[in-house]
Amino acid sequence: GIEHDEGPDIGGPYGPYTQSERLDLYRAAADRLLAQGDAYECWCSSARLDEVRADQQRRKVPPGYDRRCREEAGRAVARKEAEAEGRSCVVRFKTPLEGEVSFTDAIHGETTFNVATLDDFVMLKSDGFPTYHLAYIVDDEAMKITHVLRGDEWIPSAPRHMLIYRALGIEPPVIAHVPRVLGPDGAKLSKRHGATSVFEYRDQGYLPEALFNFLGLIGWSLDDKTEIISKAEFIEHFTLDRVVKNPAVFNVEKLQWMNGVYIREVVPAEELVTLFAERLERDLPASIARPLDRGLVARIAPLIRERIKVLSEVAEYCDFFFTDELHYSADELLGKAYRGRPAEAKRGLEEAASVAAEAAAWTHEGLEAAYRALAETLGAKAGDLFSLVRVAVTGKRVTPPLFESMEIVGRERCVARLRAAIEML
RNA sequence: GGCGCGUUCGUCUAGCGGCCCAGGACAUCGCCCUCUCAAGGCGGAGAUCGCGGGUUCGAAUCCCGCACGCGCUACCA
């Protein structure tokens, strides 16, 4: 539910938005830097670069480009080799050999780096495409971007960016490095932990609003107690200075709880009916005719909305409303209460069927009263009798409230199902 | 190897010098409610605020050092 204002897919006033269509812009910026003496062409082969790196590693020396092409002499040699081999060059930034760069991060505050630890990084690749460092700065300037928010793994690159901004005479935008979201094991989110894509959460039945709320509260908080917050409130209150600096572990259990809250308390009833109907049409056995009866779904919704946390649970909770094909065993039917006493169970079911057949009004209140009375005359515990009826009518031991369910299933089908249970015993 | 970032209950977080022998939420445990399951109500357990020094009458909050974790160190982003 996060919408962007412009982009390659929806257009906008600052296109083109595709990098391959903006190559001239990057080239122009690189040329300007070249002309100013803030950049130089590097003709070194990747094979040589690999060697240099391997050697540095061996000598336990900080890795980085050895600047052979930084001076005219070295560059001439490299160029000759390259041209003989038909290779072209890259453009590297000519990082000052000493001094400091500092910038203010909206979350981390003022940070200063010693430029001596920076090497001469590539800005324009030999295929004419820019690296991220050049690309985002050129694009953001052209597209009038005001804020750059990115993962904090980018912090070490920021001083390079400051050097480019300075050389290009661009006023840097607000920059903020946000902490990252980790998997339960403290490592970065990956397939191992299941869902790494928002679509997986959508498929499991998490609502966009809930996921938005949850993600919004990872690394940011409104105060010391707010947990449920709408997108509108979020937009109204969000400030970068309340973003935390430390990484967060993705707590799926809390997401689950929050999704449950949205299902039972936040999403409007009519909307929920649509959501449930769509989900049921997808999850219920193909043998059940589509489209599903929305009126029926609407009656069921209030019964299950407070018992599920994710939409994927809906079908297993209420399939018996849609089909008469119930699958349960005699063991399940008898349960603990009637184990070894099928005759008693049978008697109870027979009486229950009569009560159902003869009940004056087919309402859950009336049914409940009648069944409580029946339990008493049978000398059975109400709960035990109800469980018996529950399995007979729904095919399972865990269901929405029994009498409300029976009211919806209807008298005829309930009686038929009770008789089927008796038959089975 | 170098550079950088981070460190409050299991997890997400509040806290920005005294209101904190640290508050809320999820999870967990117990009780209540109850036709099952949930939901709900009440209550409990759970953090020597990474460690060690300072500064101060007073530090989770300020300063320094260390430890640990993570990141970056590509003609990737």
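This structure is a prediction, so every number in the text was calculated from the model and none was measured. In what follows, chains carry the letters A, B, and so on, assigned in the order in which the sequence lines appear, proteins first and then strands, with residues in each chain numbered from 1.
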Gap in Å between the two [atom1] atoms, one belonging to [N] and one to [M], rounded:
N: rU56(B); M: rU8(B); atom1: C1'; result: 22 Å
N: rG50(B); M: rC9(B); atom1: P; result: 7 Å
N: rG18(B); M: rC63(B); atom1: P; result: 16 Å
N: rG43(B); M: rA60(B); atom1: P; result: 28 Å
N: rG30(B); M: rC49(B); atom1: C1'; result: 29 Å
N: rA22(B); M: rA39(B); atom1: P; result: 29 Å
N: rC72(B); M: rG15(B); atom1: C1'; result: 31 Å
N: rA59(B); M: rC21(B); atom1: C1'; result: 14 Å

Figure out the [atom1]/[atom2] separation between [X] and [N], and round it to whole Å.
X: E316(A); N: rA38(B); atom1: CD; atom2: C1'; answer: 13 Å
X: R305(A); N: rG40(B); atom1: CZ; atom2: C1'; answer: 15 Å
X: E306(A); N: rA39(B); atom1: CD; atom2: P; answer: 9 Å
X: I137(A); N: rA77(B); atom1: CD1; atom2: P; answer: 13 Å
X: L388(A); N: rC35(B); atom1: CG; atom2: C1'; answer: 12 Å
X: K245(A); N: rG15(B); atom1: NZ; atom2: P; answer: 11 Å
X: R307(A); N: rG40(B); atom1: CZ; atom2: P; answer: 12 Å

Hey, which sits more toward the 5' end of RNA chain B by its nearest nucleotide, I308(A) or H133(A)?
->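 Final value for this comparison: I308(A).
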On RNA chain B, more 5' by nearest nucleotide between I155(A) and T226(A) is I155(A)
Between rC37(B), rA27(B), rA77(B), spot the one nearest the side chain of Y317(A), thanks.
->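 Shortest atom-to-atom distance from the side chain points to rC37(B).
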Distances for protein N or O near nucleotides 64-73 of chain B N or O, under 3.5 Å:
none

Does T399(A) make a side-chain donor-acceptor contact with the base of rC37(B), cut-off 3.5 Å?
-> no
Does the side chain of [X] get closer than 4.0 angstrom to OP1 or OP2 of [N] through an N or O atom?
X: H108(A); N: rG6(B); value: yes
X: K381(A); N: rC35(B); value: no
X: R264(A); N: rA38(B); value: no

Close N or O pairs between protein and nucleotides 12-14 of chain B (under 3.5 Å):
residue, atom, partner, partner atom, Å
rC12(B), OP1, V249(A), N, 2.9
rC12(B), O2', L217(A), O, 3.2
rU13(B), OP1, G219(A), N, 2.6
rA14(B), OP1, S221(A), OG, 3.2

So what's rU28(B) paired with, Watson-Crick or G-U wobble, going by both distances under 3.5 Å?
-> rG44(B)
Interatomic distance, I263(A) atom CD1 to K309(A) atom NZ [nearest 0.5 angstrom] | 9.5 Å
Charged tip of R70(A) within 45° of Y65(A) ring normal and under 6.0 Å =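 No, a cation-pi geometry is absent between R70(A) and Y65(A).
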